[in-house]
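Following: one structure in structure tokens, then a few remarks.
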Amino acid sequence: MNEQESNRAMAAKGEDAYGFQGRIALITGASQGIGRACALRLASYGATVALAARSQEKLQAVAAEIAAAGGQARTYSLDVSSEESIKSCAKAVLADLGKVEILVNNAGITRDGLTLRMKLSDFDDILRTNLTGAFLLTQAVISSMMKTRWGRIINISSVVAQTGAAGQANYAASKAGMIGLTRSLAREFASRGITVNAVAPGFIQTAMTEDLPEAHKASILAQIPVGRYGSDADIAAAVAFLCSSGAAYITGHTLDVNGGMYMG
Ligand code: NAP
């Protein structure tokens with residue numbers, strides 16, 4: 001039996017394949033797409049997951065899915081563009097679950113447009129949601145990780161942080177900012193047993209990408225050596241690895257999960 005098979009077999013038996021049993025994980029943007037997939041994956045390995053986003057109805061459905069599979073999940077209202085909402089969400093999670101050991105800063109939005117026509121609000125809103133939100137939520141839960149002397153922070157960046165993308169100056173800047181944030185936090189908290197890494201997805205089939213014009217999607221597919229679009233499960237697998245006890249010596253890293261679309 002190879003390592004993956006034995007992990008799966010252990011997880012199926014409810015044993016601790018990845019060192020997650022009893023860990024508390026907070027995942028933003030957990031109502032759908034990549035965040036939902038990360039929550040399902042971490043819960044399947046035994047973590048208790050705090051699911052946070054704006055849409056409570058969708059979060060409840062994800063929590064029910066996790067509970068039906070034998071996992072533990074709670075839902076929290078969170079708008080990462082609001083400092084107040086971030087503080088009250090962190091407070092509620094800490095009050096209910098006692099600590100946060102894993103934070104996945106996944107919530108994100110796009111508002112594409114060419115630079116010449118981009119309004120300041122389109123730039124600011126994307127930075128505030130995608131980047132400032134990750135910074136503030138980290139600030140709100142880091143003391144808890146420092147007390148435990150164990151923590152994992154994963155920031156969901158993007159391939160466009162490294163390649164740039166016409167029409168996405170705001171989004172690419174926010175995602176490149178997450179890489180700088182990741183490296184700085186990694187340096188600040190390494191001595192406390194806390195690792196901080198980024199995952200840079202390529203083109204992943206979720207609601208965020210489904211409305212792109214077919215011709216644009218086809219031109220992207222032609223640039224992916226693996227020959228398919230990514231799935232939310234591809235990203236969740238990478239996040240789970242970086243959160244695991246086996247990844248303790250990896251910090252400040254950006255893990256490309258893009259089918260070879262960009263090789264940094
Ligand atoms: P998605 O399906 O659109 O999901 C986005 C999630 O973020 C939703 O759960 C949404 O929940 C949440 N969210 C948005 N604004 C929020 C806010 N202000 N406060 C709290 N939660 C908020 O997109 P996805 O593809 O799963 O994307 C997840 C992350 O991966 C994003 O950061 C995205 O930039 C990144 N990414 C995606 C791709 C891709 O190809 N799909 C590629 C690279 C990177 P509510 O609306 O309920 O709040």
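Counting starts at 1 for both ligands and their atoms, following the listed order.
In terms of polar-atom proximity, Ser55 is counted as a contact of ligand 1, with an N or O under 3.5 Å from an N or O of the ligand. Considering both main-chain and side-chain atoms, Val159 never comes within under 3.5 Å of ligand 1 through any nitrogen or oxygen pair.
Scanning the protein heavy atoms around atom 46 (O) of ligand 1, the nearest turns out to be Arg54 NH2, 3.0 Å. For atom 19 (N) of ligand 1, the closest non-hydrogen atom of the protein is Val80 N, 2.9 Å. In terms of protein heavy atoms, atom 23 (O) of ligand 1 is closest to Met208 CB, 3.6 Å. In this structure, the protein non-hydrogen atom closest to atom 26 (O) of ligand 1 is Ile34 N, 2.8 Å. Protein heavy atom nearest atom 1 (P) of ligand 1, with residue, atom name and distance: Gln32 NE2, 3.3 Å. Ser31 OG, 2.9 Å is the protein heavy atom nearest to atom 11 (O) of ligand 1. Of all protein heavy atoms, the one closest to atom 36 (N) of ligand 1 is Tyr171 OH, 3.5 Å. The single protein non-hydrogen atom nearest to atom 28 (C) of ligand 1 is Asn106 OD1, 3.1 Å, given as residue, atom name and distance.
If you look at Ser157 next to ligand 1, the close heavy atoms, those under 4.0 Å, all belong to the backbone. The backbone and the side chain of Asp79 each have at least one atom closer than 4.0 Å to an atom of ligand 1 (non-hydrogen atoms only).
A distance of 11.5 Å separates CD1 of Ile126 from OG1 of Thr132, quoted to the nearest 0.5 Å. One distance of note links CG of Leu42 with OH of Tyr18; it measures 10.5 Å at 0.5 Å rounding.
Below 4.0 Å from some heavy atom of Thr209 lie the following atoms of ligand 1, by number and element: 39 (C), 40 (O), 41 (N). The ligand atoms of ligand 1 that sit less than 4.0 angstrom from a heavy atom of Gly108 are 5 (C), 7 (O), 14 (C), 31 (C), 32 (O). Atoms of ligand 1 found under 4.0 Å from any heavy atom of Ile109 (numbered from 1 in listed order, with element): 14 (C), 15 (N). For ligand 1 and Phe203, the ligand atoms under 4.0 Å from any heavy atom of the residue are 40 (O).
At least one heavy atom of Lys175 sits less than 4.0 Å from an atom of ligand 1. Remark: distances from the non-hydrogen atoms of Gly202 to ligand 1 include one below 4.0 Å. Note on ligand 1: Thr28 sits outside its first shell, no heavy atom being nearer than 4.0 Å.
Electrostatic pairing of Arg54 and Asp79 does not count as a salt bridge here, judged by no charged N lying under 4.0 Å from a carboxylate O. Ion pairing between Glu214 and Lys217 holds under the 4.0 Å rule for side-chain N and carboxylate O.
The closest side-chain donor-acceptor pair between Asp122 and Asn170, if any, does not fall under 3.5 angstrom. Using modelled atom types, one finds a donor on one side chain and an acceptor on the other under 3.5 Å when comparing Thr182 with Asn155.
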